[in-house]
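Taking it in order: structure first as structure tokens, then the write-up.
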Amino acid sequence: MSKYSEELSYGFAGQVAPPVRETRIGVCSAYCGECGQLVADVQSGCAQLQSRKFAQSGGCQLMLAVGIVSSLTNVVIIVHSPLGCCSGFTGTGGTRKTTRSSRGKASEDFVWIHTNLDEQDVVQGGVDKLRDAVLYAEKEYHPDAIIIANGCVPGIIGDDIDSLVSELDSRLSAKIVPVHCEGFKSRYVASGYDSAYHGVLRHLVDPVVKERSAIAEENEQRDALEQYQISRTVNIFNVGSNSNGDEVELSRIVASLGLIPRVLPLNATLDDLSHIGEAALNVSICATHDDYLLGHLHERFGTPYIIDTLPIGIKSTNRWLREIAKYFHLEEEAERVIKLENDVLNMALAPYREFLRGKKVYVGGGETRILTTAAFFKDDLGMELVGVKAHNVDRFVEEIVEELHEPQLHITVAAGQPAEELAVIRQLKPDLYVGHMGANGWVTRLGVPNIPLFGMSFNFMGYSGAFELARKSAKALKNTNFIKNVSQNVALPLSKEWFERDVRLNIKETEQI
Amino acid sequence: MSTFIERPKSSCALGGALTTLAGLNRVVPIVHAAGGCAAGLSGVYSTAAGYSGTGYCGGNMMPTTNIAENNVVFGGEDRLAEQIENTLFAMDGDLYVVVTGCQVEIIGDDAKAIARQYADKNVIGVSTPGFLGNTLRGYDAVVSALAEFVIAPQEKKDPKTVNILGVVPGHDVFYRGNLEEIKRLLWLIGVRANTFFSVTDTVEDIRGYGDAALSVVLAPNVGILPAEKIQDVHGTPYILSEIPVGPSGTAAFLRQVGAAVGADPKRIEEVIAFESGYYYSYLNGLVDTYSDLDFGRYAIISADGYYAHALTRFIANDFGWVPHLTTINDITEEADQARYKKLFDDITSETKPVVVFEQQAGQIIKHVRSSWALNHNEKYYDALAPAYVIGSGIDAGLAEKLGANFLAVPFPVSNRVVLNKGIAGFRGGLTLIEDLITQLVSAR
């Protein structure tokens, strides 16, 4: 369980859409200051009331929601919107093959359909087009599920997609799943994860009805075996930013305690999802992704859960493992595993520690990942932390911030907002920047060597991930000419005056939402 | 009325506006929309246009009003004014263009009126909600606005200067390479081309485009609206042409434009002869291997109206492959389809291609199968092989199912990197052949 979710409620299964995170959890999305003060301001509630005067583009909850559900096996995604929403699939749709093949799953064409809403639909409504699209998907592809992502336009004009779902549900062999993820409804884009899981939980998680044998003893035997299996099964909840390498490593760590790891829900089949309740423990690797999902599963199946830290770096991975072991009373076994793993890893890290010690590092991206990654650089590699930037900050990272023991550390809270970030980085002058997709290119143009915070093919989690992260950090500093040449020859679009002004002046008290 | 589209090879009008702005040097978009639209749509072209990247001020660098539910209820005009003022302070640009998303247009914000208040600071406003249509509509809206608000009116026209329209940055993955080659060829026949989007074009250059005597539209379904706007505002007439790919297309293009502006016919023929000689000198290098290994292929071309005929003509008339099937995804009106189909009358190969208009990516394979006798387990079956699919990245699966070779040319292209290469002109034809045949020898 998590002490941060104790006050939260997860009983929204009866609603067509979950509440957005602004109201469900409370969130800070604009801040510039020090870590210690931020925690105090989040606790008092005033950090949540800030926004910015000059804003730049960030994410959209629709893209995050679709990112989750589109990973499921044998589904068709219908984006109910004008053509632009999720048109990024034109560039990324092909990566489904590598995502699946890296996990040993059968190759699938990724099929998505756009309802292509136009001016006429804005006036007359787009439900008929959506119906046509659903029937086309069923007839042409016979998917296990047809998942509808609802965009801003139908959200504002009031298309009743839920009625359409009820109308078609029993008539098709595919299950139909509405996902309410209109972008304008939440500035905390992680609301999209809740929207996605809400749809999945309401429409795709149907517990399996077991066949009973006519011979009573057979049933008993089977039940006993099954109960034994369930009592040792740990669901590890994967996220869009982890690789197969991460999943293999975390599974290995869980299995080292003699437990049975199962990785869910991304890339799962509908059959996998129907067994999601059959586990002794649900374990998160990132609260930002799945507190809604785990909270719901607890209410529905009674499965206890752990939302604690993201297993990146030695300290966080040890902590993650200890939390799991504690639940199963396997503390001694865990300490043996930790000693063995840490000894070998520390030896392997020695040359990197030598090379990276004292170098300045700045980390930007999702709150849980940046803080645990920063802790690794500081505590395990001896680097100097000069600042962090979080997309958002909510209650789930309070303890991780405190455990960094860097109350004076510079922190900005901003989803995207590279103008602020570059101004901060130019002052802090890190030797290495580690950042979220979309930020690194600007940092290159600014002239700071950098590596991505995550990647579909990088293993950054667990013990093997710690080694990879160290290796990649060192590699980035072995030849910095790409960065030097680009920064000397390519201009940034930001003004001199912007760079000279205090970034804090861009933060303002927000209008009420 | 439009229909749903399976795997559309396009973004929306706002996406089209943003990729068009990304093609202009030192131009800063200000996006009045929900927070994710700008970066999401910019990301489409950053990856799916041969990794062309964000441009000067794209991706999450784009200023955006980031409107949310409260703005949808109470309006977002004040927020837009605040964002414009702060953008003028923070961003360094030669032109600032306010563009709009679906949300603010539905609630009735007058973004153009707000932008007009900052007209003296190089701010213009364009209405570009996604529901206007596909990428092409965004290009039309932005270039029409440039014609209206940026290009300075000029009484005196230069009879040998032309505007090039219809080449959509990013949606034509090769737009910059193409524009450079078009500019070079026109220069050779004594014609100066206003290209808007080449790496060297500046906002200052665009202000001077009022001297063009003619606009040349290189696409059947985009660029015509701005051409009409330029005609209205600047009195410059336009002609419809086509993106020239390879020798026969480029020769026809040079003759058409040359005649329209009164260029010296003798010089045009000299240029065509010289460039053609250059093309065949290089092609000659491939002749031995082509002939020894039989590099002839059945061609299946899946493209937009911009590239479908241009590629088919190059493949059939110049390169001499068998044009089996050409599908076009973005021409939907029957009258437009009939007009477009007529273009294929100029295909000179003994076998003429089947031409089909199909929006749904998943249906193309059915057109392939219905256009070729099925194998009923005959002992001797004339298969559609060896085949080559020239399509967008989305058609890679089609090629896989057909056991055909594949090269991505029309948007989206995400399986190869395109920097300065183009496929227009004589030299572009050579580049295209290099890429096509590289696929056949890459396993060696």
Side-chain angles (χ1 to χ4, degrees), chain A residues 53-63 81-85 87-94 109 111-122 129 132-133 136 140-141 152-153 156-157 183-187 189 415-419 438-439 441-442 493-495 497-498 511-513, chain B residues 1-12 14-15 28 31 34-41 43-44 47-48 53-54 56-57 59-70 72 82-83 86-87 89-93 102-103 106 130-134 362 393-394 396-397 412 414-415:
Chain A
K53 298 172 198 163
F54 173 69
Q56 294 170 294
S57 186
C60 171
Q61 68 149 327
L62 178 118
M63 288 197 269
S81 219
L83 283 176
C85 305
S87 53
F89 283 151
T90 51
T92 58
D109 258 351
V111 179
W112 74 95
I113 300 173
H114 250 95
T115 50
N116 182 25
L117 296 181
D118 60 18
E119 276 182 292
Q120 199 179 338
D121 302 316
V122 170
K129 252 177 167 171
D132 291 346
Y136 174 89
E140 295 292 327
Y141 293 102
C152 290
V153 167
I156 296 173
I157 65 172
F184 73 94
K185 287 209 170 146
S186 178
R187 281 183 178 148
V189 291
Q417 314 303 330
W442 300 116
L494 295 162
S495 70
E497 295 75 22
W498 171 263
E511 64 272 38
Q512 284 298 307
I513 295 172
Chain B
M1 210 191 103
S2 65
T3 62
F4 67 85
I5 306 179
E6 180 202 337
R7 286 179 281 174
K9 295 157 181 172
S10 175
S11 181
C12 63
L14 178 57
V28 174
V31 186
C37 297
L41 294 168
V44 175
T47 54
T54 53
Y56 177 65
C57 183
N60 56 13
M61 188 58 88
M62 273 190 277
T64 182
T65 51
N66 196 3
I67 62 126
E69 190 138 32
N70 59 327
V72 169
E82 178 188 44
Q83 183 64 24
N86 283 288
T87 301
F89 170 76
M91 291 292 197
D92 204 5
C102 297
Q103 311 88 359
I106 294 176
F131 58 72
L132 271 189
N134 62 17
I394 288 171
S414 58
N415 67 347

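Per chain, numbering begins at 1; letters A, B, ... match sequence-line order. From a predicted model like this one, the values you see are computed outputs, not experimental measurements.
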Exercise. Would you say A:Q56's side chain and B:M61's backbone share a donor-acceptor pair under 3.5 angstrom?
Worked result: yes
Problem set entry | Best-contacting candidate, A:C152, A:G94, A:G183, A:G93, against chain B by heavy atom pairs under 4.5 angstrom | A:C152
For this session: Nearest 0.5 Å please: distance from the CG atom of B:L41 over to the SG atom of A:C85.
Result: 7.5 Å
Problem set entry | Taking every non-hydrogen atom, the tightest pair across B:G36 and A:M63 | O-CE, 3.9 Å
For this session: Sort out for me which of B:P412, B:G53, B:G362, B:S10 touches chain A most, counting heavy-atom pairs under 4.5 Å.
Result: B:P412
Problem set entry | Segment of A:D132 engaging chain B (4.5 angstrom heavy-atom cut-off) | both
Seminar exercise, completed: Honestly, the part of A:V122 sitting under 4.5 Å from a heavy atom of chain B is side chain
For this session: Go through A:A133, A:G88, A:A419 and name the one with the most non-hydrogen pairs under 4.5 angstrom from chain B.
Result: A:A133
Exercise. B:I5 versus chain A, heavy atoms under 4.5 Å apart: side chain, backbone, both or neither?
Worked result: both
For this session: With side chain to side chain contact (heavy atoms under 4.5 Å, CB included) as the test, would you mind laying out the steps for B:F4 and A:I113 before giving the verdict?
Result: CA-CA 7 Å; B:F4 67 85; A:I113 300 173; 3.6 Å; yes
Exercise. Going through the distances and angles, do B:N60 and A:W442 end up as a side chain to side chain contact (heavy atoms under 4.5 Å, CB included)?
Worked result: CA-CA 10 Å; B:N60 56 13; A:W442 300 116; 3.1 Å; yes
Seminar exercise, completed: Comparing A:G84, A:C60, A:A439 against chain B, the one with the most heavy-atom pairs below 4.5 Å turns out to be A:G84
Problem set entry | Shortest non-hydrogen contact between B:E69 and A:K185, atoms and distance | OE2-CE, 3.8 Å
Problem set entry | Nearest-0.5 Å distance that lies between atom CG in A:D118 and atom CG in B:L132 | 10.0 Å
Problem set entry | Euclidean distance, A:F184 CZ relative to B:I106 CD1, rounded to 0.5 Å | 9.0 Å
For this session: To the nearest 0.5 angstrom, please state how far the CG atom of A:L117 sits from the SG atom of B:C12.
Result: 11.5 Å
For this session: Write down the atom of A:P82, the atom of B:G130, and the distance for their closest heavy-atom approach.
Result: CB-C, 3.7 Å
Problem set entry | Which atoms of B:A90 approach chain A - backbone, side chain, both or neither, heavy atom under 4.5 Å | both
Exercise. Below 4.5 Å, heavy atoms only, C-beta onward: do B:F89 and A:E497 meet side chain to side chain?
Worked result: yes
Exercise. Do you know which of A:Q120, A:Q61, A:E140, A:Q417 has the most heavy-atom pairs with chain B at a distance under 4.5 angstrom?
Worked result: A:E140
For this session: Sort out for me which of B:P8, B:G393, B:A38, B:A396 touches chain A most, counting heavy-atom pairs under 4.5 Å.
Result: B:P8
Problem set entry | Contacting moiety of B:S2, where chain A heavy atoms sit under 4.5 Å | both
Problem set entry | Atom group of A:E119 that falls short of 4.5 Å from chain B, counting heavy atoms | both
Seminar exercise, completed: Most contact-rich option vs chain A, by heavy-atom pairs under 4.5 angstrom, among B:G43, B:P63, B:G59, is B:P63
For this session: Could you walk me through whether B:F131 and A:D121 pass the side chain to side chain contact (heavy atoms under 4.5 Å, CB included) test, one step at a time?
Result: CA-CA 9 Å; B:F131 58 72; A:D121 302 316; over 6 Å; no
Problem set entry | Residue pair A:Y141, B:E6: steps toward the side chain to side chain contact (heavy atoms under 4.5 Å, CB included) verdict | CA-CA 11 Å; A:Y141 293 102; B:E6 180 202 337; 2.6 Å; yes
Exercise. Are A:S57 and B:C37 side-chain neighbours, meaning at least one heavy-atom pair lies under 4.5 Å?
Worked result: no
For this session: Under 4.5 Å heavy-atom distance to chain A, tell me which part of B:A39 shows up: side chain, backbone, both or neither.
Result: both
Problem set entry | From A:S87 atom OG to B:L14 atom CG, the distance as rounded to the nearest 0.5 Å | 9.5 Å
For this session: Under 4.5 Å, counting heavy-atom pairs only, tell me which of A:G416, A:G438, A:G441 racks up the most with chain B.
Result: A:G438
Exercise. Is B:S414 close to A:T92 at the side-chain level, that is, under 4.5 Å between some pair of heavy atoms?
Worked result: no
Exercise. Which heavy-atom pair separates A:V153 from B:C102 by the least distance, and what is that distance?
Worked result: CG2-CB, 3.4 Å
For this session: Using non-hydrogen atoms and a 4.5 Å limit, figure out which bit of A:I156 sits close to chain B: side chain, backbone, both or neither.
Result: side chain
Exercise. Looking only at atom types and distance, does a side-chain atom of A:R187 sit under 3.5 Å from a main-chain N or O of B:N66, one as donor and one as acceptor?
Worked result: yes
For this session: Indicate yes or no: at least one non-hydrogen side-chain atom of B:R7 is less than 4.5 angstrom from one of A:F89.
Result: no
Exercise. Can you tell if the side chain of A:P493 reaches within under 4.5 Å of the side chain of B:D92, non-hydrogen atoms only?
Worked result: no
Problem set entry | Region of A:L62 in contact with chain B, defined by heavy-atom distances below 4.5 Å | neither
Seminar exercise, completed: To the nearest 0.5 Å, atom CD of B:E82 lies from atom CZ of A:F54 at 11.5 Å
